[in-house]
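Here's the structure, in structure tokens; my notes come after.
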Amino acid sequence: MTMLSTSAFYERATRNIGTLRGRAEGLQTALGTGQKLSRSSDDPVAASRLRSLTRADAMAAIDTTNAARAASDLTLTDSALSSFANHVIRAQELATQAASGLLTGDQRKGIATELAQLGQEIARLANARDSVGHALFGGETAGAAYTFDAAGNPVYAGTASAGEMPLGEGQSVTRGLTGPEFLSFTGSSGATDLFAVIGGLAAALDGGAADPAQAARDALGDLAGGLEAITTAQTVVGARLNWIDLIGDRRVQTSELRAEEQADVGGTDLAATVTELQQVMTVLEASQASFAKLAGLSLFNVLR
């Protein structure tokens, strides 16, 4: 009977002290990691919510990457559109000069040469590349946006529209423009494009028109239409960049709310945890002292 009671005493005391030590270690771990849950079984409901919040953070990181890619491509697009606009403005200046009846044939040919160079530069810009090396104005195509036929005329080789980039929360943005969206427009003689207008004017001033001054005056209206198409495209690109910024601000706010919830659900309350740890350590020390004292007693100590 004495052996059984002694065994039970040791077992119970060891179990109680082990439980207190385990609790102390758990509190120390919570203080060190800043997380009060070391395993899902500690609080299954809280652990499930934390997993959901972690998944949301991972998806937000993907959305942030997509937004950065779209913003980069649209910024490149906006920069290229500014260059297109500058070239068209220069072409307008040259056409205005050529419209004067006071110029000589050689002077008009000099203007034609500069216009031809502007056309080549516009063709080069039309085949610019995006942040990953794909055609900036070719939609979804990986190759060149424009190819050239036997006569050297640009021919659009891209897709009908640029790709959509998801931004999260069910929102998306078109990451760019296709060439025909701003290089093609309706001119004085119907559908045309910037390549044809500038190329045609250059040819007319180089001896291809009976009245080059009139050809220059006619081209001014078409160049104005081309510049308007580019300006409209710049407005569209600016609106898309603003949309990305707006969604990004909402994403940051949502991320901050998730961080607060993660701290509430799984974060350690430092003040409460330190207080509880001190209490557990006090009880543990008292339990160990009591156990040591009781373990040293015998029936003779009690009888005395």
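Position 1 is the first residue of the sequence, and the numbers go up from there.
Under the rule for a salt bridge (charged side-chain N to carboxylate O under 4.0 Å, His left out), Glu228 has no partner lying at least two apart in sequence or in another chain. In this structure, the salt bridge (charged side-chain N to carboxylate O under 4.0 Å, His left out) partners of Arg250, at least two apart in sequence or on a different chain, are Glu169. In this structure, Glu164 has no salt bridge (charged side-chain N to carboxylate O under 4.0 Å, His left out) partners at least two apart in sequence or on a different chain. Judged as a side-chain contact (heavy atoms from CB on, under 4.5 Å), and not counting sequence neighbours, Gln120 has no contacts. By the side-chain contact (heavy atoms from CB on, under 4.5 Å) test, Arg124 pairs with Glu121, sequence neighbours left out.
A distance-only check finds no donor-acceptor pair linking the side chain of Arg108 to the backbone of Leu205 [under 3.5 Å]. Between the side chain of Asn66 and the backbone N or O of Leu167, no donor-acceptor pair lies under 3.5 Å. Side-chain N or O atoms of Thr113 include one that pairs as donor or acceptor with a backbone N or O of Lys109 at under 3.5 Å.
Sorted by first then second residue, the ring pair (Phe, Tyr, Trp, His ring centres under 6.0 Å) pairs that include residues 155-180, not counting sequence neighbours, are Tyr146-Tyr156. For residues 178-196, every residue pair satisfying the side chain to side chain donor-acceptor pair (under 3.5 Å) rule, not counting sequence neighbours, is listed here: Thr178-Glu181, Ser188-Asp222. The side chain to side chain donor-acceptor pair (under 3.5 Å) analysis of residues 75-88, with sequence neighbours excluded, yields the pairs Ser82-Gln234. Counting only residues at least two apart or in different chains, ring pair (Phe, Tyr, Trp, His ring centres under 6.0 Å) contacts with residues 207-232 are absent. For residues 108-131, the set of pairs meeting the ring pair (Phe, Tyr, Trp, His ring centres under 6.0 Å) definition, not counting sequence neighbours, is empty.
Taking CD1 from Ile111 and CD from Gln97, the interatomic distance works out to 5.0 Å, rounded to the nearest 0.5 Å. For the atom pair CD1 of Ile62 and CG of Asp57, the computed distance is 11.5 Å after rounding to the nearest 0.5 Å. The distance from atom CG of Leu223 to atom CZ of Phe185, rounded to the nearest 0.5 Å, is 7.0 Å. Here the CG atom belonging to Asp218 is positioned 8.5 Å from the CG atom belonging to Asp211, to the nearest 0.5 angstrom. To the nearest 0.5 Å, atoms CG (Leu74) and CG (Leu177) are separated by 7.5 Å.
Taking both residues in full, the closest heavy atoms of Asp73 and Ser131 are given as OD1-OG, 2.9 Å, listed atom of the first, atom of the second, then distance. In terms of heavy-atom proximity, Leu183 sits nearest to Ala126 at CD1-CB, 4.1 Å. Residue Ala99 comes nearest to Ala216 through the heavy atom pair N-CB, 3.7 Å, listed as atom of the first residue, atom of the second, then distance. Heavy atoms only, all atoms of each residue included: Thr147 and Ala157 are closest at CG2-CB, 4.0 Å. Heavy-atom minimum distance, Ser100 versus Ala213: O-CB, 4.4 Å. Of all heavy-atom pairs spanning Ala95 and Leu201, the tightest one is CB-CD2, 3.8 Å.
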Going through the distances and angles, do Arg258 and Ser255 end up as a side-chain contact (heavy atoms from CB on, under 4.5 Å)? CA-CA 5 Å; Arg258 281 199 304 271; Ser255 178; 3.9 Å; yes

Stepwise side-chain contact (heavy atoms from CB on, under 4.5 Å) test for Arg129 and Leu76: CA-CA 9 Å; Arg129 297 288 174 166; Leu76 289 173; over 6 Å; no

Could you walk me through whether Ser52 and Arg55 pass the side chain to side chain donor-acceptor pair (under 3.5 Å) check? CA-CA 5 Å; Ser52 296; Arg55 285 194 295 270; 3.3 Å; yes

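Hydrophobic clustering, with ILVMFWY side chains joined whenever heavy atoms are under 4.5 angstrom apart, groups Leu125 together with Ile89. Linking ILVMFWY residues whenever their side-chain heavy atoms come closer than 4.5 Å, directly or via other members, leaves Leu194 and Leu220 in distinct clusters. The hydrophobic cluster containing Leu115 also contains Leu103, counting ILVMFWY residues as joined when their side-chain heavy atoms lie under 4.5 angstrom apart, directly or transitively.
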Name each donor-acceptor pair under 3.5 Å that joins a side chain in residues 236-249 to protein atoms two or more places apart or in another chain, with its distance.
| from | atom 1 | to | atom 2 | distance (Å) |
| --- | --- | --- | --- | --- |
| Arg240 | NH1 | Gly176 | O | 2.6 |
| Asn242 | ND2 | Gly238 | O | 3.3 |
| Trp243 | NE1 | Ser172 | O | 3.2 |

Which pairs would a plain distance check flag for residues 132-144, meaning a side-chain donor or acceptor within less than 3.5 Å of a matching protein atom at least two apart in sequence or in another chain?
| from | atom 1 | to | atom 2 | distance (Å) |
| --- | --- | --- | --- | --- |
| Glu140 | OE2 | Gly163 | N | 2.7 |
| Thr141 | OG1 | Gly143 | N | 3.3 |

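Between Arg90 and Leu94 the shortest side-chain heavy-atom distance falls below 4.5 Å. Inter-residue side-chain proximity for Asn153 and Phe195 is flagged as unmet; no heavy-atom pair is nearer than 4.5 Å.
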